[in-house]
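Below is one structure, written out as structure tokens; comments come after it.
All values below were derived from every heavy atom in this structure, side-chain atoms included, with hydrogens, water molecules and symmetry-related copies excluded. Numbering of ligands and ligand atoms starts at 1, following listing order.
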Amino acid sequence: MRDRFGFLSAVVALMLSAGSAASGAPSGSDAGGAATEAATTTAPATVSSPPARPDAAGAGTAAPRVAVTLFKNVRIFDGKAEKLSGPSNVMVRKNIIERISSETIQSPADANVTVIDGGGRTLMPGLIDAHWHTMLVRPTAAQMLSADLGYTTLLAGAEATDTLMRGFTTVRDLGGPAFALRRAIDEGVLPGPRIFPSGALLTVTGGHGDFRQLFEVPRIDGMPLARMEQLGAAIVTDSADEVTRRAREQLMQGASQIKLTASGGVASPHSPIDAITFTTAELQAAVKAANDRGTYVAAHAYTPAAIQRAVLAGVQCIEHGQLMDEATAKLMAEKGTWLSIQPFPDEFAHIFPPGSDQSKKMLEVMAGTDRTYQLAKKYHLKTAFGTDIVFAPELAKRQGSLLVGLIRWYTPGEALGMATGANGELLALSGDRSPYRGKLGVVEEGALADLLLVDGNPIADIKLIMDPARNFVVIMKDGKLYKNTLSH
Ligand SMILES: [Zn+2]
């Protein structure tokens, strides 16, 4: 363990320069300073309390003064109501939103207070991406499989910093070896979003996410794991017992939920999209392993048959679902199953060679997107927003634009509510397996202080979200200011 920790420290130390250079963090940010401080600290900081800032006033005294941020004169989008509050003041103590009031809040005398004069701007919860792959955004698929995990972790660290600077303060990671990066971010080693990791996604032989080559089958008992399995990106399971073991392995490493692929997919070479992959017994084994540990299973599934089998086996969140039908939507409504879905950007229609199997699958899914959103609205499905950007660093820069794409079906208030309050409710399904103690996705007293100050009213003009560098003038995560372009 000691060796491992030493190696990790070396890796993340390298990350620091890559991360801050890529993000172009503004001068108002204290992220770089805090990260450097944490990197040179021997004992890791706890998750809930950010590394203490250097405190000149308290130097020489026993207890460092607590950090307080006071937002004055802001209008609040709270992540739920589709309107802004009247002029308000919000006080954050350490990492918690302590007080919200239309009355003046006095600065506490016993704290290090940062005052931010909001000037009537909008304070809203940090954005949440409910379907993200922290480790798979920047590399190509071939690089992910062939490169050293240290290299791809460095890429992911730089991307994580950029993700946070786009205003996404939390991501639910649905497959990939993200445990080490989550730890480093939570220890304050480098800036990045909160990560709810799944670890390796579970698939079956020939299922979505089985990126093995054909020469790697048949697999014989006792053979070494395939490369994608060694990396912790995806793992093949072909019986209920194997599912149990592999699910438990992810949970042991800190998975906050289990991800499996219950139907074929678009990009996978060997999985027809209409294929149902896991058997009911296998699905139930995953659900049991997750439930016994106090959490849940999220299943990638497109077709009615695959979705229904997963839902009936106890899966609590369906990823994608773009080919669902009326009966399936009804079943999900009855069972209270979440739908975590995304409108793929229009250019996806052309990303695969015309006429190829993958191109046909992509077009089928894109055509189903509108129908599925209509069904989700008709049956009031609990609906989450996630982008599912993989192997596409340029597209990641448009993470917020993909959210804005929801206005084809939803009001701006509903779309923003999905990426904040609703996604926060989905994250809460992880219960005590959440790496973070406290409520996410809302601006309310007692919630975790993940906040954006927007230069304008995003409910009146949601397109503000598309240009975070310009329009998010303050980015706070866990009570810590990562960006602050306003003078104190
Ligand atoms: Zn995905």
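Each salt bridge (charged side-chain N to carboxylate O under 4.0 Å, His left out) pair with one or both residues in residues 386-398, not counting sequence neighbours, appears once here: E347-R398, E394-K397.
Counting only protein N, O or S atoms, the number found under 2.8 Å from the Zn ion (ligand 1) is 3.
Residues satisfying the side chain to side chain donor-acceptor pair (under 3.5 Å) test with H208, not counting sequence neighbours, are S268. The side chain to side chain donor-acceptor pair (under 3.5 Å) search around D370 returns Q374, W409, not counting sequence neighbours.
Inspection of the S434 and S256 side chains reveals no N or O donor paired with an N or O acceptor under 3.5 Å.
With R194 as the fixed residue, the side chain to side chain donor-acceptor pair (under 3.5 Å) test singles out one of D478, D186, T169: D478.
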Point to revise | Evaluation steps, side-chain contact (heavy atoms from CB on, under 4.5 Å), between I195 and W132 | key: CA-CA 9 Å; I195 298 176; W132 190 246; over 6 Å; no
